[in-house]
Amino acid sequence: MNDETPSDEPSTDDARDHDEWARVVMQGYDGVAEAYDADRDGADEVPFVESLVADLPAGSRVLDAGCGGGRAVLETLADGYETVGVDLSPEQLRLASERAPGARLVRGDLTRLPVADGAVDALTALHSVIHVPREHHETVFREFARVLRPGGRLLLTTGVGEWEGENDDWLDSGAAMQWSFHGRDRSLELLEEAGLSVEDDTVLDDDLDEGEWLFVRATFDGR
């Protein structure tokens with residue numbers, strides 16, 4: 001991330017409004033849509049996605065929570081799976097509809113997914129949870145567990161270390177963006193508490209800057 005301003009103040013549920021935060025993220029991704037789509041090609045993420053669904057039956061339903069422009073997940077899985085993409089940003093969904101015309105696309109929020117209980121076999125959340133205020137990550141992870149079938153699989157990215165920041169001109173687009181995430185240990189703890197059994201985690205360099213992300217695979221144990 002470029003020229004972000006980190007926050008040194010602890011976050012609490014009472015400190016800020018999630019809907020207002022989500023509005024800023026939505027407007028930011030609308031404003032940065034073309035630049036972000038051009039800069040993040042998703043090539044390094046495709047092997048993680050392919051591994052997640054490697055032995056799922058053809059036609060299994062995969063939800064991409066925070067699908068963006070459809071790279072890495074919707075485009076990769078278009079031919080063999082029933083794909084569903086959820087995103088806050090209408091502009092990102094427009095790009096996704098062009099890249100993966102067979103996917104079902106819905107505007108929605110990770111804290112209240114517009115998906116029925118136990119409706120999906122696998123769920124991906126790449127570079128999306130990191131834009132939700134970290135005090136709401138527990139809610140997001142419980143939503144992931146809610147929509148997964150027992151034995152369903154999860155792939156997500158989050159931060160290696162705890163961090164929060166903002167950038168008023170992300171990717172030189174004039175669009176503002178915000179990030180917020182726990183460190184590795186707390187994120188894995190919250191996943192386990194939500195009934196998502198962590199199988200492995202891998203650190204990968206970010207293709208947009210000099211940072212790095214934690215890729216986590218987990219399975220919903222049906223609790």
Check: Thr83 side chain, Ala78 main-chain N or O, donor-acceptor pair, under 3.5 Å: no

For the pair Arg71 and Asp37, evaluate side-chain contact (heavy atoms from CB on, under 4.5 Å) and give the outcome as yes or no after the intermediate values. CA-CA 8 Å; Arg71 290 190 186 274; Asp37 192 64; 3.4 Å; yes

Grab the two heavy atoms, one from Ala145 and one from Ala194, that are nearest each other, plus how far apart they are. CB-O, 3.3 Å

Transitive ILVMFWY side-chain link Val32 to Leu95, under 4.5 Å: no

If Ile, Leu, Val, Met, Phe, Trp and Tyr residues are connected whenever their side-chain heavy atoms lie under 4.5 Å apart, and connections chain through other members, are Met26 and Met177 in the same group? yes

Could you grab the distance from atom CG of Leu77 to atom CG of Asp64, nearest 0.5 Å is fine? 8.5 Å

Expected output: side-chain Thr158 to main-chain Leu214 donor-acceptor under 3.5 Å: no

Is there a path from Val25 to Trp213 through hydrophobic residues (I, L, V, M, F, W, Y) whose side chains come within less than 4.5 Å of each other? yes

Is a donor on one side and an acceptor on the other found under 3.5 Å between the side chain of Arg107 and the backbone of Leu93? no

Output, in order, the C-alpha distance, side-chain angles, deciding distance and verdict of side-chain hydrogen bond (donor to acceptor under 3.5 Å, both in side chains) for His182 and Glu189. CA-CA 10 Å; His182 297 289; Glu189 179 181 41; over 6 Å; no

I need the Arg134 CZ to Trp163 CH2 distance, nearest 0.5 Å. 10.0 Å

If we check side-chain contact (heavy atoms from CB on, under 4.5 Å) with Glu212, which of these qualifies: Leu204, Asp206, Val203? Val203

Would you say Thr76 and Glu50 are linked by a side-chain donor-acceptor pair, where the criterion is simply a distance under 3.5 Å? no

Does Asp55 pair with Arg153 as a salt bridge, N-O distance under 4.0 Å? yes

Kindly give the heavy-atom pair with the smallest separation between Ala175 and Gly28, and that separation in Å. CB-O, 3.5 Å

Closest approach of Gly42 to Ala72 (non-hydrogen atoms, all atoms of both residues): O-CB, 4.0 Å

Correct closest heavy-atom pair for Ser173 and Gly31 would be CB-O, 4.2 Å

Whether the side chain of Ser60 engages the backbone of Pro57 through a donor-acceptor N/O pair (distance < 3.5 Å, no angle test) should be reported. yes

Taking the side chain as every heavy atom from C-beta outward, state whether Trp179 and His131 have any atom pair closer than 4.5 Å. yes

Steps toward side-chain contact (heavy atoms from CB on, under 4.5 Å) verdict (Leu126, Phe48): CA-CA 10 Å; Leu126 305 183; Phe48 290 93; over 6 Å; no

Quick one: does any side-chain atom of Asp17 pair with a main-chain N or O of Trp21 as donor and acceptor, under 3.5 Å? no

Quick one, Leu148 with Leu196, criterion side-chain contact (heavy atoms from CB on, under 4.5 Å). Give me CA distance, side-chain angles, the key distance, then yes/no. CA-CA 10 Å; Leu148 281 166; Leu196 296 157; 3.9 Å; yes

Point-to-point distance, once rounded to the nearest 0.5 Å, from CG of Leu110 to CZ of Phe141: 10.0 Å

Quick check: closest heavy atoms across Gly159 and Ile130, and the distance to 0.1 Å? N-CG2, 4.4 Å

Would you say CG of Asp79 has more than 12 non-hydrogen atoms from neighbouring residues, nucleotides or ligands within 6.0 angstrom? no

Would you check if His18 and Glu135 make a side-chain contact, meaning some heavy-atom pair closer than 4.5 Å? no

State whether the side chain of Ser128 and the backbone N or O of Ala65 hold a donor-acceptor pair below 3.5 Å, judged by distance alone. yes

Value for CG (Asp221) from CD (Glu192), rounded to nearest 0.5 Å, stands at 8.0 Å

Compute whether any side-chain donor of one residue and acceptor of the other, for Ser89 and Asp87, lie under 3.5 angstrom apart. no

Is Arg146 salt-bridged to Asp117, going by a charged N under 4.0 Å from an acidic O? yes

Looking at side-chain heavy atoms only, is the closest gap between Leu88 and Tyr29 below 4.5 Å? no

Within the 4.5 Å heavy-atom criterion, are Val86 and Pro114 side-chain neighbours or not? yes

So does Arg186 pair up with Glu138, basic N to acidic O under 4.0 Å? no

Should Val62 and Leu52 count as side-chain neighbours, where that means a heavy-atom distance under 4.5 Å? no

Might you work through the side-chain contact (heavy atoms from CB on, under 4.5 Å) test for Glu45 and Phe215, ending with a clear yes or no? CA-CA 9 Å; Glu45 298 158 0; Phe215 283 69; 3.7 Å; yes

Using modelled atom types only, decide if a donor and an acceptor are shared between the side chain of Gln92 and the backbone of Gly69 within a distance under 3.5 Å. yes

Determine whether a donor-acceptor pair (N or O, by modelled atom type, separation under 3.5 Å) exists between the side chain of Glu143 and the backbone of Leu113. yes

Determine whether Val84 and Val120 make a side-chain contact, defined as any pair of heavy atoms from C-beta on separated by less than 4.5 Å. no

Hey, quick one: are Leu156 and Leu188 part of the same hydrophobic cluster, counting side-chain heavy atoms closer than 4.5 Å, chains of contacts allowed? yes

Which heavy-atom pair separates Leu105 from Cys67 by the least distance, and what is that distance? CD2-SG, 4.4 Å

Given 3.5 Å as the limit, does a donor-acceptor pair link the side chain of His137 with the main chain of Val132, or not? yes

Indicate yes or no for a side-chain donor-acceptor contact from Arg61 to the backbone of Ala119 under 3.5 Å, with no hydrogens or angles considered. yes

Is there a path of hydrophobic side-chain contacts, each under 4.5 Å between heavy atoms, that joins Val198 and Phe220? yes

Quick one: CG on Asp19 to CG on Asp109, what's the gap to the nearest 0.5 Å? 7.0 Å

How many angstroms lie between CG in Asp121 and CZ in Arg149, if you round to the nearest 0.5 Å? 4.0 Å

